[in-house]
Every structure is written in structure tokens, then in C-alpha cells.
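To start, the structure itself, in C-alpha cells.
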Amino acid sequence: MDKFVRKEGLVAPLDRSNVDTDAIIPKQFLKSIKRTGFGPNLFDEWRYLDRGEPDLDNTGRPLNAEFVLNRQRYEGATVMLARENFGCGSSREHAPWALLQFGIQTIIATSFADIFYNNSLKNGLLLITLDAATIDQLFRETESQEGYRLAVDLEHQSVTTPSGESFSFEIDPHRKHCMMNGLDDIGLTLAHADQIKTFEAAHRARQPWLFG
């Protein structure tokens, strides 16, 4: 996965609570065994006025002009604001895949569902929890200032507004290390490749009959 150290991006305000994973990526798209191609169907039932299906060309589908991600001022947003309990519902890993493939790199909310939180960090999607008063402030500023951007510094665990105001956030040190170094679970294992090879060689020498 991509490294995340410090990124600055346009903010899109999704002013909803309890956004579940079926809203993030509806169940019909879980038929795919690939890990790519989910971005066009992120929030499918909210973004479009018709029903989406796997492998359907989205180019000519009618858009819901009222949905925040369809508004021109938020085109290209990489940071999303939300309310409490974002990512509740099923444990589908397709949800962070869809968000990342759409272009969202950071979500800032008052709280997240546990499984979604862990799935997201393992895939390189940074989730930041801030208190409700701060989230309210960020919503107000985002909606009142077109082109509103936030700088997210994972190394120093801070979110900085255009005016220079900064808010700190907490993250597990191990997850922080993985994200800053672009290590998913496979990458984390491969970082110990030399030790694994040494163990395998010693194991083969001790019990050669196991290897034919």
C-alpha cells in the first residue's frame, strides 16, 4: 500500500451519522473477487438515481445532483468529514477499497465502527477521530469556504486548517508505523523475509524427512 506521512487535500463534508458499509459499497458489488474497480460504485445508491450492477458502465448513469460527492466544488476531494459510527454494518473489506479507489485518503469523524477502522488502516486509509465540537467546526468551515483544504500530518499526528489552527489525534503506534512505511499485513511479513528463510533452512536441516 502507499505510504502516508503528510498529505493535504480538498475536504468533502458527508454530514451523516451511522453510515454503514452497505451504503459505502452495496452488496451486489461484493460478487467481484478482484481488489480493484470499486471506486465508481462508492455510495452507489446515493450517487446515482438508478440501481448499479457489477460490470455496468457507469458513464451514462443519472447522477443525484444533491449528493455531496457529485457537487463540482468537492470534485477531487481526498479528505472526508463524517459524523459518529462511520463504517458500521458488515465487515466487508470492500468498503475501504472503494473509498481509496475513489480517491479518499483520510476520513475524519467523531467515531468509527471497530472492524471498519481496522480494515481501513490495514489498507492505508487513515481514519481520524476528533471530538464533536471540533467536527462541528470543520463542517462549518468546509461548507462556508469553497476549496477548503486540510493538512494531515501522520508523523506529528495533527490536522491543520487553512488558518493554521491545529488539532491532534491519537493512533496506535504499530498502525502508525505500518502506514508511514506503506506496510500492509503481507508487507509487514515480508519485512522479516531473511529471518523466515533462516528459520526454514534450519527447520529443513533438523527434519529433512518432512520435505521429501
* Are Asn41 and Gln28 close enough, and set up right, to give a side chain to side chain contact (heavy atoms under 4.5 Å, CB included), and what steps lead you there? -> CA-CA 10 Å; Asn41 300 110; Gln28 65 266 29; over 6 Å; no
* Take Met180 and Val5 through the test side chain to side chain contact (heavy atoms under 4.5 Å, CB included) and record every step on the way to the result. => CA-CA 5 Å; Met180 289 187 63; Val5 179; 4.1 Å; yes
* Quick one: do Thr161 and Phe167 satisfy side chain to side chain contact (heavy atoms under 4.5 Å, CB included)? Show the steps, please. => CA-CA 9 Å; Thr161 70; Phe167 306 99; 3.8 Å; yes
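In this structure, the side chain of Asn123 does not engage the main chain of Leu125 through any donor-acceptor pair within 3.5 Å. Arg47 places a side-chain N or O within donor-acceptor distance of the main-chain N or O of Leu42, the cut-off being under 3.5 Å. Remark: the backbone N or O of Pro96 is not paired with any side-chain donor or acceptor of Asn119 at under 3.5 angstrom. Side-chain atoms of Glu45 never come within 3.5 Å of backbone atoms of Ala23 as a donor-acceptor pair (strictly under, hydrogens ignored). Judged by distance alone, with hydrogens and angles left aside, the side-chain atoms of Gln101 form a donor-acceptor pair with the main-chain N or O of Gly37 at under 3.5 Å. Counting only distance, with no hydrogens or angles, the side chain of Ser168 and the backbone of Gln157 share no donor-acceptor pair below 3.5 Å. The backbone N or O of Trp46 sits less than 3.5 Å from a side-chain atom of Asn64, completing a donor-acceptor pair. The main-chain N or O of Asn85 is found under 3.5 Å from a side-chain atom of Ser111 such that the two form a donor-acceptor pair.
Dense packing is recorded around CD of Gln207, with more than 12 heavy atoms of other residues, nucleotides or ligands lying under 6.0 Å away. More than 12 heavy atoms of other residues, nucleotides or ligands lie within 6.0 Å of CD in Glu165, so this atom counts as buried by the packing criterion. Within 6.0 Å of CG on Asp172 lie more than 12 heavy atoms contributed by other residues, nucleotides or ligands. The environment of CG in Asp2 is sparse: at most 12 heavy-atom neighbours from other residues, nucleotides or ligands sit within 6.0 Å. Within 6.0 Å of CD in Glu66 there are 12 or fewer heavy atoms belonging to other residues, nucleotides or ligands.
Residues Ile128 and Phe4 are members of one and the same hydrophobic cluster, defined by side-chain heavy-atom contacts under 4.5 angstrom among Ile, Leu, Val, Met, Phe, Trp and Tyr. Residues Ile171 and Leu130 are members of one and the same hydrophobic cluster, defined by side-chain heavy-atom contacts under 4.5 angstrom among Ile, Leu, Val, Met, Phe, Trp and Tyr. Hydrophobic clustering (ILVMFWY, side-chain heavy atoms < 4.5 Å, transitive): Ile104 and Phe38 are in distinct clusters. Cluster membership check: Val79 shares its hydrophobic cluster with Phe67, using side-chain heavy-atom separations under 4.5 Å among Ile, Leu, Val, Met, Phe, Trp and Tyr. Hydrophobic cluster membership is shared by Val152 and Met1, with clusters built from Ile, Leu, Val, Met, Phe, Trp and Tyr side chains linked at under 4.5 angstrom.
A distance of 8.0 Å separates OH of Tyr74 from CD of Glu146, quoted to the nearest 0.5 Å. Note that the CD atom of Gln145 and the CZ atom of Arg140 stand 11.5 Å from one another [nearest 0.5 Å]. Distance check, rounded to the nearest 0.5 Å: CZ of Arg73 to OG1 of Thr142 gives 8.5 Å. Between atom CG of residue Leu63 and atom CG of residue Leu49 there is a gap of 7.5 Å, rounded to the nearest 0.5 Å. Interatomic distance, Leu100 CG to Thr106 OG1, rounded to the nearest 0.5 Å: 9.5 Å.
Here the closest non-hydrogen pair linking Ala77 and Val11 is CB-C, 4.2 Å. In plain terms, the two heavy atoms of Gly87 and Ile24 that are nearest each other are CA-CD1, 4.2 Å. Summarising the geometry of Leu121 relative to Leu127, their closest heavy-atom pair is CD2-N, 3.9 Å, with the distance given to 0.1 Å. The two residues Glu75 and Leu10 have their closest heavy-atom pair at O-CD2, 3.4 Å. Across Val68 and Pro13, no two heavy atoms sit closer than the pair CG2-O, 3.4 Å. Across Ile108 and Leu138, no two heavy atoms sit closer than the pair CG2-CD1, 4.4 Å.
Counting only heavy atoms from C-beta outward, the side chains of Arg6 and Asp153 approach each other to under 4.5 Å.
The aromatic rings of Trp97 and His94 sit tilted relative to each other, their planes meeting at an angle between 30° and 60°.
Here the options are Thr129, Leu99, Leu126, Leu81, the test is side chain to side chain contact (heavy atoms under 4.5 Å, CB included), and the partner is Ile107; only Leu99 passes. Residue Arg83 is tested with Asp136, Leu14, Val19 for a side chain to side chain contact (heavy atoms under 4.5 Å, CB included); the sole match is Asp136.
Between Arg61 and Asp44, at least one side-chain N (NZ, or NE/NH1/NH2) sits under 4.0 Å from a carboxylate O, which counts as a salt bridge.
Leu56 shares a hydrophobic cluster with no other residue; no ILVMFWY side chain has heavy atoms under 4.5 Å from its own.
In this view, Asp22 and Arg92 satisfy the salt bridge (Lys or Arg N to Asp or Glu O under 4.0 Å) rule, not counting sequence neighbours.
In this structure, Phe86 has its ring center under 6.0 Å from that of Phe116.
Screening residues 93-121 for salt bridge (Lys or Arg N to Asp or Glu O under 4.0 Å) gives no qualifying pairs among residues at least two apart or on separate chains.
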